[in-house]
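Note that these values count all heavy atoms, side chains included, but never hydrogens, waters or copies made by symmetry. Note that ligands are numbered from 1 as they come in the structure, with each ligand's atoms numbered from 1 the same way.
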Amino acid sequence: MIRGIPTLDDLGDVSGKRVFVRADFNVPIEDGRITDDFRIRAALPTLNWLRERGASVACATHLGRPKGTPNPKYSVAPIRERLAELAPDVELLENLRFDPGEEANSAEFAATLTEGFDLYVNDAFGASHRAHASIVGPPKTLPSAMGLLLAKEVEVLLGLRNDPKRPFVAVLGGAKISDKLGVVEALLDVVDALVVGGAMCFTFFAAQGRPIGDSLWEPDQVETCRRLLQQGKTIHLPEDITGVDANGNYATFGTRLPDGAKGFDIGPGSAAAFSDIIMDARTVFWNGPMGMFEDERFASGTRTVAQAMADTKAFTVVGGGDSAAALAQFRLDTDVDHVSTGGGASLELLELGDLPGLAALRGAPNAHD
Ligand code: 3PG
Ligand code: MG
C-alpha cells in the first residue's frame, strides 16, 4: 500500500488469475507505424511481474480521440503487433474510446470490461486524470492495484510536490499559459524559482508592458500574468528572443520586439541563463518546449535546456508530451532521472496532489483490509 493505494503485492496470489490491465498505449502513429513506443515499454515491468507469477493478462488502452465510434484510423492493431513482440502472451482489447461508454464513464461499459476478470491493475498513468469507465469503474467491483509504472510516477511527482531537495526549480514552456495556469499557481507555492520560456512568455512580456510584435500571446491572460508577477516569487523570463523580423528574416531581439516581428524561441543569452539556473538547482521539473523546436532554426533554446537537464547533478523530472519528445529527439531521454509518461496527468498530479484514477484505487474492495 502506498498512500492508501493498493500495490501489486496487495493482490495476493495472482497465479491462475485473469487480470485486466488498463494501460496508456496512446502512442504517436504515422502511416500505421508507431514512431515512439516509450509508453508501451514503460508498461512491461507490470506485465512481466504478472506473467512471471502465473497470471493471464489482458490489457486495454485508448488511442487518440475517436469520440465513441469505431474508426480504423484509431485501430490499436499497430500497438497489438508491437506488444506481441515485447510480451507475447498478453492480449490487447480494441480501442476503449470506440465505445461512447468509456468517456461517459458508464457503469454498464465498465461491467462489460471487467466481465470474466478476477483482478484489475491500473498502469495507465497518462490517462489517470480522466474519470473514464476503464479508469474509475473496475476498482468499484474488482480487487485492484496500481501497477509499477503508476506507482513510480506517483512516488516521483508527489515527492516533488511534498519534499523536494532545494533549490527546486520548475521550467515551463509551451504556447499557452491558460493550459497550465493551475499548475503554475501550485508550483509557485513550492518552487524556489519558476523559469518561463515558450510562447507563453509573450503574455508575461505583455503584462510587463513590453511590445511583442506579432508573437503568439493570450490577451485574456495578461491580468493573470500580472498577478503572478506581483506575487513576489522568483519568475525568470527570457532576456532575449529569436524569431523572424517583419520581412520574415531570422533575427535575435531583446525583450522588446519590433512591429511585425515574431518570436519563436528563447535567445542564446536566455538559454545560457536558464541552463545556469538548472545546473545550480538540486531538483528540476521541466514541462514544455522553449520554442518551436520542430524547426531547426528555433530548436536551440529547447536543446540547451534539455542538455542542462541531462548535465545537472540535480534530480530531474520531465513532464510528458512535447518536452519528452524533445528530449528523445536530442537523444537525451536516458540522461534525466524520470521522464513521465503523462503530460496532462503529470501536471494535474502536481497541481492537485491526486487524480481520479488514484482515488478510485483507494476505494477498491481490497484497499481496506
Ligand atoms: C495523453 O496522451 O495525454 C493521454 O493518453 C491522455 O489522452 P487524452 O488527452 O486524449 O485523454
Ligand atoms: Mg495530451
Under 4.0 angstrom from ligand 1, any heavy atom of Gly344?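 Distance cut 4.0 Å: Gly344 fails for ligand 1.
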Is ligand 1 less than 4.0 angstrom away from at least one heavy atom of His62?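 Yes, that is the case, since the closest heavy atom of the residue is under 4.0 Å from the ligand.
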Please confirm whether Arg210 makes a cation-pi placement over Phe205, using NZ or CZ under 6.0 Å from the six-membered ring centre and within 45° of the ring normal.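 Yes; both conditions hold, so Arg210 lies above the ring face of Phe205.
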Under-4.0 Å salt bridge between [X] and [Y]:
X: Arg18; Y: Asp118; value: no
X: Arg161; Y: Glu348; value: no
X: Arg227; Y: Glu185; value: yes

Measuring from atom 9 (O) of ligand 1, which candidate in Arg97, Arg39, Arg65 has the nearest non-hydrogen atom?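 Result: the heavy atom closest to atom 9 (O) of ligand 1 is in Arg65.
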Using a 4.0 Å cut-off to any heavy atom of Asp24, which atoms of ligand 1 qualify?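 Those atoms are 4 (C), 5 (O).
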Which of the atoms in ligand 1, numbered in the order shown and given with their element, are less than 4.0 Å from a heavy-atom of Arg130?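 Close to Arg130: 8 (P), 9 (O), 11 (O).
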Angle between ring planes, Phe298 versus Tyr250, binned at 30° and 60°: parallel, tilted or perpendicular?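 Parallel.
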